[in-house]
Amino acid sequence: RGVAHLKAENLEEARQDLEKVQKENPEDSVVRQQLKIVRQRLEEKQEMKEDANQKLRENPRDTKALIRKADAAKSLG
């Protein structure tokens, strides 16, 4: 289920599911790798959201920044 969330860019849900699986199977290298990918993407989306917020403070009519912020917010949950 975590991988499905990852593919759908539902990153927070993916992280939660994968962390639950990791607790049950701490030696599973596939889960560790997927969790690493999710955490990296979460960090990227958080940076994207912060950048978009800065751009919107500078120009509240910046539609590209608004779209990036919405995309990041969807992925972050």
Side-chain angles (χ1 to χ4, degrees):
R1 203 170 81 170
V3 174
H5 283 303
L6 177 57
K7 288 181 181 179
E9 286 290 313
N10 297 324
L11 300 176
E12 185 57 32
E13 290 88 352
R15 183 191 61 78
Q16 291 172 2
D17 285 350
L18 289 168
E19 284 179 349
K20 184 177 179 181
V21 172
Q22 186 180 39
K23 285 181 183 178
E24 295 169 5
N25 302 300
E27 301 302 318
D28 190 329
S29 63
V30 173
V31 172
R32 281 197 311 265
Q33 182 62 28
Q34 292 298 314
L35 196 49
K36 181 179 177 182
I37 291 168
V38 168
R39 288 177 177 149
Q40 288 172 338
R41 288 192 187 166
L42 279 167
E43 187 175 315
E44 291 167 2
K45 293 292 183 173
Q46 185 61 40
E47 290 173 5
M48 185 167 65
K49 183 179 175 186
E50 290 169 9
D51 180 62
N53 280 332
Q54 178 61 37
K55 297 228 186 276
L56 287 168
R57 281 191 288 278
E58 295 168 7
N59 178 8
R61 294 182 177 193
D62 186 338
T63 55
K64 288 181 182 178
L66 190 58
I67 291 168
R68 285 193 306 272
K69 181 178 178 180
D71 177 53
K74 177 202 168 279
S75 296
L76 292 170

Give the C-alpha distance, both sets of side-chain angles, the deciding distance and a yes or no for side chain to side chain contact (heavy atoms under 4.5 Å, CB included) between Leu6 and Ile37. CA-CA 9 Å; Leu6 177 57; Ile37 291 168; 4.2 Å; yes
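- Partners of Glu43 according to the side chain to side chain donor-acceptor pair (under 3.5 Å) rule, which considers only residues two or more places apart in sequence or in another chain, do not exist here.
- No side-chain heavy atom of Leu76 sits less than 4.5 Å from a side-chain heavy atom of Leu11.
- Residue Gln46 forms a side chain to side chain donor-acceptor pair (under 3.5 Å) with just one option from Lys49, Glu44, Glu50, and that option is Glu50.
- Under the salt bridge (charged side-chain N to carboxylate O under 4.0 Å, His left out) criterion, no residue pair touches residues 51-60, with sequence neighbours excluded.
- Nearest heavy atom pair, residue Ala65 against residue Ala52, reads O-CB, 3.3 Å.
- Under the side-chain hydrogen bond (donor to acceptor under 3.5 Å, both in side chains) criterion, the residue pairs touching residues 59-71 are Lys45-Asp71, Asn53-Lys69, with sequence neighbours excluded.
- By the side chain to side chain donor-acceptor pair (under 3.5 Å) test, Glu12 pairs with Arg15, Gln16, sequence neighbours left out.
- One distance of note links CG of Leu18 with CG of Leu35; it measures 5.5 Å at 0.5 Å rounding.
- Note that NZ of Lys74 is 4.5 Å distant from CG of Asn10, once rounded to the nearest 0.5 Å.
- Residue Val3 is found outside any hydrophobic cluster, as its side-chain heavy atoms come under 4.5 Å of no other Ile, Leu, Val, Met, Phe, Trp or Tyr.
- Within the structure, the side-chain hydrogen bond (donor to acceptor under 3.5 Å, both in side chains) test picks out the following pairs touching residues 27-42 (sequence neighbours left out): Glu9-Arg41, Glu19-Arg39.
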